[in-house]
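On a predicted model such as this, the values are computed, not experimentally measured, just so you know. Numbering starts at 1 and runs along the sequence shown. In listed order, ligands and their atoms are each counted from 1.
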Amino acid sequence: MAAAAKPKLAVWKFASCDGCQLSLLDLEDELLALAGAIDIAYFLEASRATVEGPYDLSLVEGSVTTAADAERIRAVRAQSRRLVTIGACATAGGIQALRNFAEVGDFVAAVYANPAYISTLETSTPIAEHVAVDFELHGCPVDRHQLLEVLSAFLAERRPSIPSYSVCVECKRRGNVCVTVAHGTPCLGPVTHAGCGAICPACDRGCYGCFGPMETPNDEALTARMRELGAETPDLIRAYRSFNANAPAFRAAGGRAART
Ligand code: SF4
Ligand code: SF4
Ligand code: SF4
């Protein structure tokens, strides 16, 4: 009896730095087992050899910043049974979404010697604004263990077990000393999605929110506390407007901080 065909995985890149795809390659110990369970059919970061779709699962890194991107993601969706976005670029628009708060033409003129050759949209937007997405995995970059959980879950046809609480929960579990309580260091941990294992507080520095907003962030309380600790309005706006500036909760938090 012929063996059942393995599910086909495709990995796609849009506007991004490739860091989230590298998290997949970083799964060194698990990659062989993974390759035994799935057919890595399209993953240009790893191999030029590709297999045509349709694909059982597509992982999408990066945001939509050009008209060609907007067209390509629709084609990717059309040939993917399941589509999962990975990282701050794909789930929120990434650091490149800072253009959404300014005039993109000003950046283009400042950066490029020949701006006439640049064809770009006014905004950087997450994949979910363009096509249906089955699951969003947060982080900049994503955590490789969480990525493995997502892949395992989709192979088993179950929902990934990814917690939606804040970095503070991971921080307490790890036994870190709270940098805010101990030293008055500003920390976005209370409003940031868990997943990294509270790496920054473990290194005695505040979280800067690279995993994006947690499910129910109370930014107003955090903003008030950061003001008590000496943060000025521009500091607060910068805190919320980084890798996940365009995530709705952080966009609103930055806007609220700017108005108070
Ligand atoms: S989320 Fe961060 S690590 Fe991932 S592609 Fe975007 S910039 Fe790179
Ligand atoms: S250091 Fe930051 S993440 Fe850790 S408990 Fe304090 S506020 Fe929360
Ligand atoms: S502590 Fe915050 S900034 Fe540091 S890796 Fe985790 S989510 Fe990112």
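- Near Ser16, meaning under 4.0 Å from any of its heavy atoms, are these atoms of ligand 1: 5 (S).
- For the pair Asn176 and ligand 2, no heavy-atom separation below 4.0 Å is found.
- Distances from ligand 2 to the non-hydrogen atoms of Ala198 include no value under 4.0 Å.
- Ion pair Arg225/Glu228 flagged as a salt bridge, since at least one NZ, NE, NH1 or NH2 atom sits closer than 4.0 Å to an Asp/Glu carboxylate oxygen.
- In the vicinity of Phe211, heavy-atom distances shorter than 4.0 Å reach the ligand 3 atoms 7 (S).
- Within ligand 1, the atoms closer than 4.0 Å to a non-hydrogen atom of Glu61 are 5 (S), numbered from 1 in the order shown.
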Item to check | Residue pair Glu149, Arg144: steps toward the salt bridge (Lys or Arg N to Asp or Glu O under 4.0 Å) verdict | outcome: CA-CA 9 Å; Glu149 162 57 16; Arg144 63 195 178 102; over 6 Å; no
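- Glu103 CD: 12 or fewer foreign heavy atoms inside a 6.0 Å radius.
- Residue contact check: Gly209 has heavy atoms under 4.0 Å from atoms 2 (Fe), 3 (S) of ligand 3.
- Distances below 4.0 Å separate heavy atoms of Gly189 from the following atoms of ligand 2: 3 (S).
- Salt bridge status for Arg81 with Glu157: present, with a side-chain N to carboxylate O gap under 4.0 Å.
- Heavy-atom proximity to Pro190, at under 4.0 Å, picks out these atoms of ligand 2: 7 (S).
- Using modelled atom types and a 3.5 Å distance limit, the side chains of Arg99 and Thr120 yield a donor-acceptor pair.
- Cys210 SG, 2.3 Å is the protein heavy atom nearest to atom 8 (Fe) of ligand 3.
- The side-chain heavy atoms of Leu9 and Asp39, taken from C-beta on, include no pair separated by under 4.5 Å.
- Less than 4.0 angstrom separates some heavy atom of Cys200 from each of these atoms of ligand 3: 1 (S), 3 (S), 4 (Fe), 5 (S).
- Set against the non-hydrogen atoms of Ala88, the atoms of ligand 1 under 4.0 Å away are 1 (S).
- Close approach of ligand 3 to Cys207 is summarised as follows: ligand atoms under 4.0 Å from at least one heavy atom of the residue are 1 (S), 2 (Fe), 3 (S), 7 (S).
- Contacts between Pro201 and ligand 3 below 4.0 angstrom, taking non-hydrogen atoms only, involve the side chain exclusively.
- The nearest heavy-atom contact from the protein to atom 6 (Fe) of ligand 3 is Cys196 SG, 2.2 Å.
- Contact analysis leaves Ser63 out of contact with ligand 1, as no non-hydrogen atom separation drops below 4.0 angstrom.
- Within the listing of ligand 1, atoms 3 (S) sit less than 4.0 angstrom from a heavy atom of Pro141.
- Against a heavy-atom cut-off of under 4.0 Å, Gly139 is close to the following atoms of ligand 1: 1 (S).
- No hydrogens or angles considered: nothing links the side chains of Gln96 and Thr65 as a donor-acceptor pair under 3.5 Å.
- Listed by atom number, the atoms of ligand 2 under 4.0 Å from Lys172 heavy atoms are 5 (S).
- When only non-hydrogen protein atoms are considered, atom 3 (S) of ligand 3 lies nearest to Tyr208 N, 3.2 Å.
- Between Val11 and Glu61, the closest side-chain pair of non-hydrogen atoms is not below 4.5 Å.
- Not a single N, O or S atom of Cys178, from either the backbone or the side chain, sits less than 2.8 Å from atom 4 (Fe) of ligand 2.
- Shortest contact from atom 1 (S) of ligand 2 to any protein heavy atom: Val179 N, 3.3 Å.
- Summary of contacts: the protein heavy atom closest to atom 4 (Fe) of ligand 2 is Cys171 SG, 2.3 Å.
- For Leu188 against Ala239, the heavy-atom pair with the smallest separation is CD1-O, 3.4 Å.
- Ranking the protein heavy atoms by distance from atom 7 (S) of ligand 1 puts Cys89 SG, 3.5 Å first.
- Scanning all protein heavy atoms for the shortest distance to atom 2 (Fe) of ligand 2 gives Cys187 SG, 2.3 Å.
- With contacts defined as side-chain heavy-atom distances shorter than 4.5 Å, the pair Tyr240/Thr223 qualifies.
- Residues Arg158 and Ser152 have side chains that never bring a donor and an acceptor to within less than 3.5 angstrom of each other.
- Within the 4.5 Å cutoff, no side-chain heavy atoms of Phe14 are placed close to those of Thr66.
- Residue side and main chain included, Cys20 places an N/O/S atom under 2.8 Å of atom 4 (Fe) of ligand 1.
- Heavy-atom neighbours of Tyr112 OH from other residues, nucleotides or ligands within 6.0 Å: at or below the threshold of 12.
- Taking the six-membered ring for Trp and the full ring otherwise, Trp12 and Tyr55 have centroids separated by under 6.0 Å.
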